[in-house]
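Below you'll find the structure, written out as structure tokens, and then a few comments.
Every heavy atom of this structure was used, including side-chain atoms; hydrogens, water molecules and symmetry mates were not.
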Amino acid sequence: MKKYRIFVINPGSTSTKLSLHENEEMVFSTDVFHDSSFLKTFETINDQLDYRMEVIEQFLKENSIDLTGIDAIVGRGGGCYSVESGVYEINEALIRDTREARGSLYHSSMLGVQMADRLRRKYGGLALMMDPPVVDELDEIARITGVKGIYRKAICHALNLKATARRHARAMGKRYEDCRLIVCHIDGGISITAHKNGRMIDGNDAGGGEGPFTPTRMGTMAITDFNNLMRDKSFEEIRSLCSQTGGLSSHFGTSNSDVIHKRIEEGDREAARVWQAMIYQTAKYIGAMAAVLEGKVDAIVLTGGLCRFDDVIEMIRDKCGWIAPIAVYPGESEHLAMAEGALRVLKGQEKVREYPGRPVWSPEDLNK
């Protein structure tokens, strides 16, 4: 059997995760943490590209990895126009739309396709993107807002959410397409989504700042408070609060959850209060997704890096356990999902998609 080599790049709001796969086996992996206090020294996220490429080159050097002859390089997508779920070949239009955040997502994931393209130019192979945060499966009614002409967007941790949903469906002995699930990614960003019959029909716009505050994002607040905040802040400062320097970073000057949780363990009451408020807000949004599913929920599925903390799980279980059984998958399945997607393409089991350069949905679709 042919051995395919696949390199996976996943830039997140607080880390760059890298892994090398040979068919189904993960050969190497690393997770390099980047403190938000350092990342905010870059004027824009795109300006971080050279720095994050240095991280990759250092990883390859330290592990004596030569990517020459690599079969596929998969970069986490983000920022392009909304797309259907699937595996896409990275082309110039995708890179351009991602850099320009045409899909209204301003997040570190927008670096993934750019990093994969740079490595492809150096080492060869297919450059791919799979299930970016702008995968759009929203019900039409979930798009409407209180301002005519403004519509809600589907921006979340789609890759890990969909992969973990399928994983738990298998654990229940069911098909994902037959399940009704609330799936939550809880990490540097927090996504809370309702899945019905294989589609994410609603969820918070995590990339746009909607939902609970997180280690790096300020989350939802009253418009009056936001207007007051805007008065002495530039557009770039506000955008940074939405994606990099809000949330725990705003309260404590760091987004490092291990550092903050250690303060809690040492008796820091302020740290405990803010931390608990973040999980409290997460539980509220889980309740909202239960309403979206009419209370008919097969399971609440928790995933993401913060699920390594027992108090996060315990608080959500206390507040939401009455809705449905709670299943926990600490960490994330993004690298495995991206590697498996690339492998299916390389084996001819799945057709690679061409990025269409237009959104899945537009206001004109309301009249169809």
Side-chain angles (χ1 to χ4, degrees), residues 82-85 131 133-146 151-187 189-214 219-220 278-304 306-307 312-330 332-334 337 360-361 365-366:
S82 61
V83 295
E84 297 177 352
S85 179
D131 282 352
V134 290
V135 167
D136 187 346
E137 299 174 328
L138 288 184
D139 275 354
E140 188 172 276
I141 197 170
R143 302 180 187 277
I144 309 301
T145 75
Y151 300 95
R152 293 185 66 245
K153 299 177 179 64
I155 301 179
C156 62
H157 297 83
L159 182 63
N160 191 39
L161 292 165
K162 298 279 281 187
T164 307
R166 291 190 178 95
R167 178 181 177 185
H168 188 64
R170 289 194 297 271
M172 293 191 298
K174 301 177 70 173
R175 296 192 320 141
Y176 170 53
E177 290 76 13
D178 296 328
C179 293
R180 299 165 71 99
L181 305 169
I182 299 171
V183 191
C184 312
H185 175 103
I186 309 173
D187 207 347
I190 298 177
S191 294
I192 302 136
T193 53
H195 297 236
K196 181 179 179 182
N197 304 131
R199 294 174 55 245
M200 288 191 299
I201 62 172
D202 203 352
N204 63 310
D205 178 353
E210 182 186 31
F213 70 83
T214 81
T220 296
M278 179 176 69
I279 307 309
Y280 170 84
Q281 291 187 10
T282 300
K284 284 205 300 184
Y285 274 84
I286 291 173
M289 293 303 107
V292 168
L293 294 172
E294 299 97 16
K296 301 171 185 175
V297 184
D298 293 313
I300 297 169
V301 183
L302 308 180
T303 182
L306 295 192
C307 290
V312 171
I313 307 305
E314 290 169 5
M315 189 169 183
I316 293 176
R317 197 181 300 277
D318 288 344
K319 293 192 173 298
C320 303
W322 58 274
I323 298 171
I326 294 176
V328 183
Y329 296 86
E332 43 80 15
S333 304
E334 293 175 337
V360 167
W361 183 90
D365 294 328
L366 288 172

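To the nearest 0.5 Å, atom CD1 of residue Ile186 and atom CD1 of residue Ile192 are 7.0 Å apart. Summarising the geometry, atom CG belonging to Asp187 is positioned 5.0 Å from atom CG belonging to Leu306; distances are rounded to the nearest 0.5 Å. To the nearest 0.5 angstrom, Ile182 atom CD1 is 13.0 Å from Lys196 atom NZ. To the nearest 0.5 Å, atom OG of residue Ser85 and atom CG of residue Asp131 are 3.5 Å apart. Here the CD1-CD1 distance, from Ile279 to Ile316, works out to 5.5 Å after rounding to the nearest 0.5 Å.
Legend: residues meeting ring-ring contact (aromatic ring centres under 6.0 Å, His included) with Tyr151, ordered by chain and number and at least two apart, are Trp361. The side chain to side chain contact (heavy atoms under 4.5 Å, CB included) check on Lys284 picks up Tyr280, with sequence neighbours excluded.
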Would Glu84 and Val135 count as a side-chain contact (heavy atoms from CB on, under 4.5 Å) here? Give the steps.
CA-CA 6 Å; Glu84 297 177 352; Val135 167; over 6 Å; no
Could you pull out all donor-acceptor pairs under 3.5 Å where a side-chain atom in residues 154-165 meets a protein atom, sequence neighbours excluded?
from: His157; atom 1: ND1; to: Ser191; atom 2: OG; distance (Å): 2.6
from: Asn160; atom 1: OD1; to: Thr164; atom 2: OG1; distance (Å): 3.2
from: Asn160; atom 1: OD1; to: Ser333; atom 2: N; distance (Å): 2.6
from: Asn160; atom 1: ND2; to: His185; atom 2: ND1; distance (Å): 3.0
from: Asn160; atom 1: ND2; to: Thr303; atom 2: OG1; distance (Å): 3.2
from: Lys162; atom 1: NZ; to: Glu137; atom 2: OE1; distance (Å): 3.0
from: Lys162; atom 1: NZ; to: Glu137; atom 2: OE2; distance (Å): 3.1
from: Lys162; atom 1: NZ; to: Tyr176; atom 2: OH; distance (Å): 3.2
from: Lys162; atom 1: NZ; to: Gly198; atom 2: O; distance (Å): 3.1
from: Thr164; atom 1: OG1; to: Asn160; atom 2: O; distance (Å): 2.7

Donor-acceptor pairs are to be reported for all side-chain atoms of residues 285-297 against protein atoms at under 3.5 Å, with residues two or more places apart or in another chain.
from: Tyr285; atom 1: OH; to: Thr220; atom 2: OG1; distance (Å): 3.4
from: Glu294; atom 1: OE1; to: Arg180; atom 2: NH2; distance (Å): 2.4

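Of all non-hydrogen atoms in Leu138 and Arg143, the two that sit nearest each other are O-NH2, 3.4 Å. Closest approach of His168 and Ala327 over heavy atoms only: CE1-CB, 3.3 Å. In terms of heavy atoms, Asp136 sits closest to Ser82 at CB-CB, 3.9 Å.
Pairs passing the side chain to side chain donor-acceptor pair (under 3.5 Å) check and including a residue from residues 199-208, sequence neighbours excluded, read Asp139-Arg199, Arg152-Asp202. A salt bridge (charged side-chain N to carboxylate O under 4.0 Å, His left out) check over residues 313-330, counting only residues at least two apart or in different chains, returns nothing.
Asp298 has its side chain within reach of Met172: a pair of non-hydrogen atoms, C-beta onward, lies under 4.5 Å apart. Contact annotation: the side chain of Tyr329 never approaches that of Leu302 to less than 4.5 Å [non-hydrogen atoms, C-beta and beyond].
For CD of Glu177, the number of neighbouring non-hydrogen atoms (other residues, nucleotides, ligands) closer than 6.0 Å is greater than 12.
Here the side chain of Thr193 pairs a donor or acceptor atom with the backbone of Val183 at under 3.5 angstrom.
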